[in-house]
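Scope of the values below: all heavy atoms of this structure, side chains included, with no hydrogens, waters or symmetry mates. Protein chains get the first letters and strands the later ones, always in sequence-line order, with residue 1 at the start of each. Quantities reported herein were computed from a predicted structural model and do not represent experimental measurements.
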Protein chains: 2
Amino acid sequence: MDTAPTSPRDGEPRWLDDAEQRTWLAYLQATTLLEDHLDRQLQRDAGMPHIYYGLLVQLSVAPRRRLRMTELAKNTKITRSRLSHAIARLEKNGWVRREDCPSDKRGQFAILTDDGYEVLRRTAPGHVAAVRQALFDRLTPEQQKSLGEIMVIVAEGLQPKGAGADLPWLR
Amino acid sequence: MDTAPTSPRDGEPRWLDDAEQRTWLAYLQATTLLEDHLDRQLQRDAGMPHIYYGLLVQLSVAPRRRLRMTELAKNTKITRSRLSHAIARLEKNGWVRREDCPSDKRGQFAILTDDGYEVLRRTAPGHVAAVRQALFDRLTPEQQKSLGEIMVIVAEGLQPKGAGADLPWLR
DNA sequence: CCTGCATTGTTTAACTTTCAAGGAAGGGCT
DNA sequence: AGCCCTTCCTTGAAAGTTAAACAATGCAGG
């Protein structure tokens, strides 16, 4: 879109200035490229896209390797609908199984199976290496610190309201 | 996945340390949330997802509001296949039209129509506002600068080889 | 108890993306 | 010309995502 580098006139939207535009474009390109890169890496080595892998990771660090569907959805920032489909697929692969929640009959646990854990164990090193190579290894310690702070700010700003305990990892 | 905070032993992968883990998780959450946020905003206000909007934007700033398919794909970092489908959809909406390239009969131009331009004109202010509110307005000038530098580094690192003139915007 | 509303999770259909394959044109070579 | 290899773009099927609707349960208040 054309951008009028106007002085902030009344009624005019505040356009992105030159530096902001470059930052935003770089952000879009970097995040797209990184996501694609990791998707391919994991599709190749683990047989699933990046988001699915993230689901298994979340389960692997949860107590008893299980989480309620809604919990898991919150942790990974995806919709319950999407999660339902995804877990169905992972279930077919034998990496996750479901179990009814005894205390709340509406509830379902998603549980990481031994097979699922094994896939993680086998592929985690390669994945970590990919993340390092694409991201951390290219940044100075100061940049890493800054990136962390920035992403926490952005994530917190976009939390659905009333999400208090959603980001325990970030504090 | 369990992470053993080991000293770099031989054969062991170099796991992410605590700070890196937090940064990575925050990155994943922030980028997911932001993408979703903008997708919804644009789906609501412009009737298309964020990526499609980005295609129109790229066309709008190109000379004669047109780009070769491959160019457009490179600029937006998506595959040609994906682009073909996307442009087909935008064409149905009347926001883009195609035209054969006279000098290379294999080539196709994607061209922003007046209707397409009008959609942009109408929705750009709201979109910019959304980006500002979710990102720039929350960051200090130093953080904005840092974010830009970091994203350029990451994007450049993930360029497919031989992509020299792909990021003119970033220099 | 029972009514009304919220929460949990799934389902369906429409849409988008990916993957593998392929047609058509360019361009170098003999 | 003929051949080979590459680039440009599209296609169709499979996989993934989204939005809206739905059934079932929980829960608070009368």
Side-chain angles (χ1 to χ4, degrees), chain A residues 32-33 35-44 46-55 66-93 96-111 160-163, chain B residues 32-33 35-44 46-55 66-93 96-111 160-163:
Chain A
T32 311
L33 287 168
E35 180 65 19
D36 276 23
H37 184 64
L38 296 181
D39 263 347
R40 295 213 171 102
Q41 185 262 314
L42 284 171
Q43 193 68 58
R44 175 165 50 77
M48 69 191 117
H50 185 206
I51 293 226
Y52 288 38
Y53 187 88
L55 295 175
R66 73 189 56 204
L67 282 173
R68 287 285 296 272
M69 295 294 279
T70 297
E71 279 305 303
L72 186 47
K74 278 183 192 162
N75 289 355
T76 48
K77 307 302 167 198
I78 67 178
T79 61
R80 284 186 314 239
S81 170
R82 188 176 176 181
L83 181 59
S84 270
H85 293 295
I87 293 293
R89 198 267 220 185
L90 292 171
E91 213 173 4
K92 260 191 209 162
N93 283 291
V96 168
R97 64 189 172 80
R98 295 184 212 237
E99 203 168 286
D100 289 341
C101 174
S103 62
D104 184 340
K105 285 176 187 164
R106 295 167 305 177
Q108 285 271 105
F109 282 109
I111 307 177
K161 56 174 184 179
Chain B
T32 311
L33 286 168
E35 180 65 19
D36 276 24
H37 183 65
L38 296 181
D39 263 348
R40 281 187 236 283
Q41 186 261 313
L42 284 172
Q43 191 67 57
R44 175 167 50 77
M48 69 191 117
H50 186 206
I51 294 226
Y52 287 39
Y53 186 87
L55 296 174
R66 71 190 59 202
L67 282 172
R68 289 285 296 270
M69 294 295 277
T70 297
E71 279 306 302
L72 186 48
K74 278 182 193 163
N75 290 357
T76 49
K77 307 304 170 197
I78 67 179
T79 60
R80 277 181 312 220
S81 170
R82 188 177 177 179
L83 182 60
S84 270
H85 291 296
I87 292 294
R89 196 268 219 186
L90 292 171
E91 212 173 5
K92 257 191 211 164
N93 282 291
V96 169
R97 63 188 172 83
R98 295 184 211 237
E99 203 166 287
D100 291 339
C101 174
S103 61
D104 183 342
K105 284 176 190 167
R106 296 166 305 176
Q108 285 271 107
F109 282 110
I111 307 177
K161 57 174 182 180

Whether each nucleotide of nucleotides 22-29 of chain D has a protein heavy atom under 4.0 Å at its base (B), only at its sugar-phosphate (S) or at neither (-) is summarised, 5' to 3', as --BBS---
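- Counting distance only, with no hydrogens placed and no angle test, the side-chain atoms of B:S81 and the base atoms of C:dT17 include no donor-acceptor pair under 3.5 Å.
- For A:Q108 and C:dT8, the shortest distance from a side-chain N or O to OP1 or OP2 is not below 4.0 Å.
- Distances shorter than 4.0 Å separate none of the side-chain N or O atoms of A:R89 from OP1 or OP2 on D:dA15.
- Here A:Y52 lies in heavy-atom contact (under 4.0 Å) with sugar-phosphate atoms only.
- Not one side-chain nitrogen or oxygen of A:R80 sits closer than 4.0 Å to the OP1 or OP2 atom of C:dT11.
- Shown here are the side-chain hydrogen bond (donor to acceptor under 3.5 Å, both in side chains) partners of B:D100, two or more places apart in sequence or in another chain: there are none.
- Between the CG atom of A:L83 and the P atom of D:dT17 there is a distance of 11 Å, rounded to whole Å.
- Looking at A:R80 and A:M69, their side chains never come closer than 4.5 Å, going by heavy atoms from C-beta outward.
- For B:T70 against D:dC9, a side-chain-to-base donor-acceptor contact under 3.5 Å is absent.
- Taking only side-chain atoms of A:R98, from C-beta outward, the nucleotide of C:dC19, D:dT18, C:dT10 with the closest atom is C:dT10.
- Under 4.0 angstrom from either OP1 or OP2 of C:dG9 there lies at least one side-chain N or O belonging to A:R68.
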If you write DNA chain D from 5' to 3' in dot-bracket form, with Watson-Crick or G-U pairs under 3.5 Å, [ ] for crossing pairs and | for pairs with another strand, what do you get?
-> ||||||||||||||||||||||||||||||
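- Taking only distance into account, the side chain of B:T79 never meets the base of C:dT18 through a donor-acceptor pair shorter than 3.5 Å.
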